[in-house]
Every structure is written in structure tokens, then in C-alpha cells.
Amino acid sequence: MSEICIDDRLAAHLKSLRLAHDWSLDRLARESGISRASLSRIENSEVSPTANILGRLCSVYGLTLSRLIHLVEDDAYTPLIKRAQQKVWNDPHSGFTRRTISPPAQPLAGEAIEAEIQPNQSIAYDRPPREGLEHHLLLLEGTLNITINDQTHHLRAGDCLRYRLSGPSLFHTGPDSVARYVLFTV
């Protein structure tokens, strides 16, 4: 599946989510803090949403980013997902690359992603997609500062941070290295 196809399907799905809530673009702009013009351009597939914008929209709709991406794919549940089959999404604005290594599935509660953030980048989320969402983040390489509930954690390769989301979060990489991690969500 090409990136363009995923972006087009994502745009259509975001529009259908808004319409299913019977919301205008103005209402969604108020709920998400994203301008009406930006939302319109995203829904019309004129621009690709950034990780930050998708995070805000997921919060409004009560979805994890993995679930949102999975909803635009046609994959049925399968127990084995080979690396070549794992979907990759890139946010060129923030240097964020996200590989869905264990996608959402009807019979399973957890999800897992492998992510990479380029040096000296920040990704902020205003609120969690779901209150109390459980994360287990294993940093594979680099350094990563994560701020959860106003507490900053400084991670080095091999460190694991376990937490529940209940407010804003911020991921920030150091100036000299790429941060690569695996995130398990329950």
C-alpha cells in the first residue's frame, strides 16, 4: 500500500469520523485546537497531518494513533506480522517514523509500535487518546526525554518507562542522536 493511498484513506476516514459525530469543521476546530482551515485541507487530502495533529484528533475521538491508522487499512487479524508487512508512517515535519509492529486487532487488547525521532525534535500531545491509557516504552537507542504529568524522565538506551496517560505528554530528543524505541500500549 503506498503512502499516498494511506494519506488519502486517512483523510477520508477523518472526515467520516467528524460527520459520524455530526460536527461541523468549526466544532472540530474548537474541540481539537486545530484551525478550521487546516482541518479542511487535511480532510481534502491537500496536506498530510503531522503526528501532533493526529494526536489531537485521536484525543478528540478517543482513539489511539495505532487504531486510527489500522481503521484505514484493510488488514484482517493475523497472528504473525512479518516485518515486510508492517505498516510505516512518516511525519516529515518532526522527523517521526512509526512502524506498527503489532497492529490493533479485535481479539487482542494491546498494540506495539517501533518509533524513531530525529535529533533535537519535540512531539507534544495535549491530552491522551484515552484517559488512563497504559504505555510501556523501551528505548532501544539514543536518548529521549519524556514529560508525563509535569514530570520529566531522562531515558538512555535500555531504559523502560511505564506510565498511564492522564494529561499532556512531550517527547524530546537530544541534539546528537536519533531516539529509537518500542512502545507497547494496553
For a quick test of reading the model, state the closest non-hydrogen atom pair linking [X] to [Y] and the distance between them.
| X | Y | answer |
| --- | --- | --- |
| Asp91 | Ala51 | OD2-N, 2.8 Å |
| Val60 | Trp23 | CG1-CZ3, 3.2 Å |
| Val178 | Pro119 | CG2-CD, 3.8 Å |
| Ile42 | Ala11 | O-CB, 3.1 Å |
| Trp89 | Leu54 | CZ2-CD1, 3.5 Å |
| Ser35 | Ala29 | C-CB, 4.2 Å |

If you define the side chain from C-beta out and look only at heavy atoms, does anything of [X] sit under 4.5 Å from [Y]?
| X | Y | result |
| --- | --- | --- |
| Glu116 | Arg99 | no |
| Leu170 | Ile123 | no |
| Glu111 | Thr64 | yes |
| His136 | Tyr163 | no |

Verdict with supporting geometry, Arg156 and Asp159, side chain to side chain contact (heavy atoms under 4.5 Å, CB included):
CA-CA 6 Å; Arg156 294 180 178 274; Asp159 292 347; 3.8 Å; yes
When you measure from the side chain of [X] to the backbone of [Y], do you find a donor-acceptor pair of N or O atoms at a distance under 3.5 Å?
| X | Y | answer |
| --- | --- | --- |
| His172 | Gln121 | yes |
| Thr100 | Pro103 | no |
| Ser38 | Ile34 | no |
| Ser16 | His13 | yes |
| Thr185 | Gly110 | no |
| Asn44 | Arg41 | no |
| Gln151 | Ile148 | no |

Atom [atom1] in [X], atom [atom2] in [Y]: separation rounded to 0.5 Å?
| X | Y | atom1 | atom2 | answer |
| --- | --- | --- | --- | --- |
| Cys160 | His135 | SG | NE2 | 12.0 Å |
| Leu80 | Ser102 | CG | OG | 11.0 Å |
| Leu144 | Thr173 | CG | OG1 | 7.5 Å |
| Arg162 | Arg164 | CZ | CZ | 11.0 Å |
| Arg36 | Leu25 | CZ | CG | 4.5 Å |
| Leu138 | Phe184 | CG | CZ | 7.0 Å |

Apply side chain to side chain contact (heavy atoms under 4.5 Å, CB included) to Thr97 and Val88, showing your working.
CA-CA 7 Å; Thr97 300; Val88 176; 3.8 Å; yes
Answer yes if Leu139 and Val182 sit in the same cluster of Ile, Leu, Val, Met, Phe, Trp and Tyr residues linked by side chain heavy atoms under 4.5 Å apart, and no otherwise.
no
Cluster link Leu165 to Leu161, ILVMFWY, side chain under 4.5 Å:
yes
side-chain hydrogen bond (donor to acceptor under 3.5 Å, both in side chains) contacts in which one or both residues fall within residues 137-150, not counting sequence neighbours
Glu141-Arg180, Asn145-His154, Thr147-Thr152, Asn149-Ser166
Could you list the donor-acceptor pairs under 3.5 angstrom formed between side-chain atoms of residues 124-133 and any protein atom two or more places apart in sequence or on another chain?
unit_1: Asp126; atom_1: OD2; unit_2: Arg56; atom_2: NE; d: 3.0
unit_1: Arg127; atom_1: NH2; unit_2: Glu31; atom_2: O; d: 2.9
unit_1: Arg130; atom_1: NH2; unit_2: Val186; atom_2: O; d: 3.4

In terms of heavy-atom contacts, does NE2 of His21 have more than 12 from other residues, nucleotides or ligands at under 6.0 Å?
yes
For Ile117 and Tyr181: C-alpha separation, side-chain torsions, deciding distance, then whether side chain to side chain contact (heavy atoms under 4.5 Å, CB included) applies.
CA-CA 9 Å; Ile117 306 174; Tyr181 59 89; 4.0 Å; yes
Could you go step by step and tell me if Leu137 and Leu155 meet the side chain to side chain contact (heavy atoms under 4.5 Å, CB included) rule?
CA-CA 10 Å; Leu137 186 146; Leu155 283 73; 3.7 Å; yes
Test applied, side-chain contact (heavy atoms from CB on, under 4.5 Å); reference residue, Leu57; option that passes from Asn52, Leu28, Leu68:
Leu28
